[in-house]
Amino acid sequence: MATDEPQYPILVDTDALIAVGNSSLWDRITENIGLTTTNVCQQELKRHHEQNRSHAPEGSRSYRLHHGSTRVLDALEDTETPLTRVTSVPRPHGADAGEQSLEQHLVQHPKAVDYVVLMDAHGRRSIRREIQNRDLEARVVPPTFLFYILYDNDLISRTAFCETCAELLKSEGWTGYHAVDAAWEGIPVDCSDVIDSDLLPPS
């Protein structure tokens, strides 16, 4: 763990950071919620920033990856922002290195983590197995849970919460049945009067 930065109990992976980084509530999140990621995720963010075009068509995947990673990297560089980085030792490699670094950090520092935030289904299952096998107390939650923290602390309205969840699902293309269901896991808010039913979990 990097000793020059505080560690917050919410551990977030690359894709989740990009998703919320592209949202209209990113500034609220970085003003009010302490988040921690890993050096491996930071390198993935840098790669997304460099390999995707800033002038790509707005709304395209390349645009979202570039602009979302840029906002997150800017926040990581700002010492006033409660977004910090811990170092993974040994360093995971490969396509799932970011998720593996979160799992590794959780196992190494179980009492320092309350929430692990990621959307990938395989990554969620893997980390939940570790939590169950080791009898840990951390929860695995979707990126939308960060919006819920704002709402639960009276920092945004229910309407703003619901609309931003829908915004994230549509902009990230997480509109399939399982992705929508996963996005609302652990979130006890009824948004049925605010957003379309196809962006809500099955009743």
**Asked** Can Arg64 and Glu167 be said to form a salt bridge (charged side-chain N to carboxylate O under 4.0 Å, His left out), step by step?
**Response** CA-CA 13 Å; Arg64 292 194 308 274; Glu167 166 197 303; over 6 Å; no
**Asked** Can you list the steps and then say if Val12 with Tyr115 is a side-chain contact (heavy atoms from CB on, under 4.5 Å)?
**Response** CA-CA 8 Å; Val12 193; Tyr115 296 100; over 6 Å; no
**Request:** Evaluate side-chain contact (heavy atoms from CB on, under 4.5 Å) for Arg47 paired with Glu44, printing each intermediate quantity in order.
**Result:** CA-CA 5 Å; Arg47 188 171 67 249; Glu44 291 180 345; 3.8 Å; yes
**side-chain contact (heavy atoms from CB on, under 4.5 Å) evaluation trace for Glu185 with Val141** = CA-CA 7 Å; Glu185 188 174 348; Val141 296; over 6 Å; no
**Message:** Walk me through whether Leu17 and Asp13 qualify under side-chain contact (heavy atoms from CB on, under 4.5 Å).
**Reply:** CA-CA 6 Å; Leu17 283 169; Asp13 88 325; over 6 Å; no
**Asked** After noting the C-alpha distance and the side-chain angles of Asp27 and Arg71, does the key distance pass the salt bridge (charged side-chain N to carboxylate O under 4.0 Å, His left out) rule?
**Response** CA-CA 10 Å; Asp27 289 340; Arg71 293 182 86 183; 3.7 Å; yes
**Message:** Determine whether Thr87 and Arg85 satisfy the following criterion, side-chain hydrogen bond (donor to acceptor under 3.5 Å, both in side chains), listing intermediate values before the conclusion.
**Reply:** CA-CA 7 Å; Thr87 301; Arg85 171 192 59 84; 3.2 Å; yes
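Note: Leu35 CG to Ile33 CD1 = 6.5 Å, rounded to the nearest 0.5 Å. Summarising the geometry, atom CG belonging to Asn39 is positioned 11.5 Å from atom CG belonging to Leu45; distances are rounded to the nearest 0.5 Å. To the nearest 0.5 Å, the span separating CZ on Phe161 from CD1 on Ile187 amounts to 4.5 Å. Annotation: the span from Leu102 atom CG to Thr14 atom OG1 amounts to 8.0 Å, rounded to 0.5 Å. Here CD of Glu172 is found 8.0 Å from CG of Asp15. Values are rounded to the nearest 0.5 Å. Rounding to the nearest 0.5 Å gives a distance of 6.5 Å between CE of Met119 and OG1 of Thr144.
With a 4.5 Å cut-off on side-chain heavy atoms, Thr30 and Leu83 do not count as touching. Between Val117 and Arg139 the shortest side-chain heavy-atom distance does not fall below 4.5 Å. Looking only at side-chain heavy atoms (C-beta outward), Asp114 and Ile10 stay at 4.5 Å or farther from each other. No side-chain heavy atom of Tyr151 sits under 4.5 Å from any side-chain heavy atom of Ser157. Residues Val113 and Val116 form a side-chain contact, since some pair of their non-hydrogen atoms from C-beta on lies under 4.5 Å apart. The shortest side-chain heavy-atom distance between Trp174 and Pro142 does not fall under the 4.5 Å cut-off. Looking at Thr164 and Ser23, their side chains come closer than 4.5 Å, going by heavy atoms from C-beta outward. Contact check for Leu11 versus Thr37: no side-chain heavy atoms found under the 4.5 Å cut-off.
Across all non-hydrogen atoms, the minimal contact from Ser88 to Pro92 is CB-CD, 3.9 Å. In terms of heavy-atom proximity, Asp181 sits nearest to Pro202 at OD1-CD, 3.5 Å. The heavy-atom pair separating Val20 from Pro143 by the smallest distance is CG1-O, 3.8 Å. Nearest heavy atoms, Leu106 versus Ile131: CD2-CG1, 3.7 Å. Gly68 approaches Asn22 most closely through the heavy-atom pair N-OD1, 3.2 Å. The two residues Tyr63 and Pro57 make their nearest non-hydrogen contact at CB-O, 3.3 Å.
No donor-acceptor contact under 3.5 angstrom links the side chains of Glu99 and Ser126, judged on distance only. Checked by atom type, the side-chain pair Gln100/His105 shows no donor-acceptor distance below 3.5 Å. A side-chain N or O of Thr84 and one of Thr36 form a donor-acceptor pair less than 3.5 Å apart.
Transitive grouping of hydrophobic side chains (ILVMFWY, heavy atoms separated by less than 4.5 Å) brings Leu150 and Val72 into a common cluster. Transitive grouping of hydrophobic side chains (ILVMFWY, heavy atoms separated by less than 4.5 Å) keeps Leu118 and Val107 in distinct clusters. When hydrophobic clusters are built by joining Ile, Leu, Val, Met, Phe, Trp and Tyr residues whose side-chain heavy atoms come closer than 4.5 Å, directly or via intermediates, Ile156 is grouped together with Ile149. Criterion: ILVMFWY side-chain heavy atoms under 4.5 Å apart, direct or through other members. Under it, Val140 and Phe145 are not part of a common hydrophobic cluster. Following chains of ILVMFWY side-chain contacts shorter than 4.5 Å, one cannot reach Ile18 starting from Val40, and the two form parts of different hydrophobic clusters.
Counting only distance, with no hydrogens or angles, the side chain of Asp152 and the backbone of Tyr148 share no donor-acceptor pair below 3.5 Å. Listed for the Gln108 side chain is a donor-acceptor partner under 3.5 Å among the backbone atoms of Val89. When atom types are taken as modelled, the side chain of Asn153 and the backbone of Leu155 share no donor-acceptor pair closer than 3.5 angstrom. No side-chain donor-acceptor contact under 3.5 Å links Asp196 to the backbone of Asp198.
Centroid-to-centroid, the aromatic rings of His48 and His66 stay 6.0 Å apart or farther.
The only member of Asp74, Leu65, Leu73 that meets side-chain contact (heavy atoms from CB on, under 4.5 Å) when paired with His49 is Leu73.
Between Arg158 and Asp193, at least one side-chain nitrogen of the basic residue sits less than 4.0 Å from a carboxylate oxygen of the acidic one, meeting the salt-bridge criterion. Checked for salt-bridge contact, Glu163 and Lys170 miss the test: no charged N lies under 4.0 Å from a carboxylate O.
Residue Arg91 places its CZ atom among more than 12 non-hydrogen atoms of other residues, nucleotides or ligands, all under 6.0 Å distant.
For the cysteines Cys191 and Cys162, the sulfur (SG) atoms lie within a distance shorter than 2.5 angstrom of each other.
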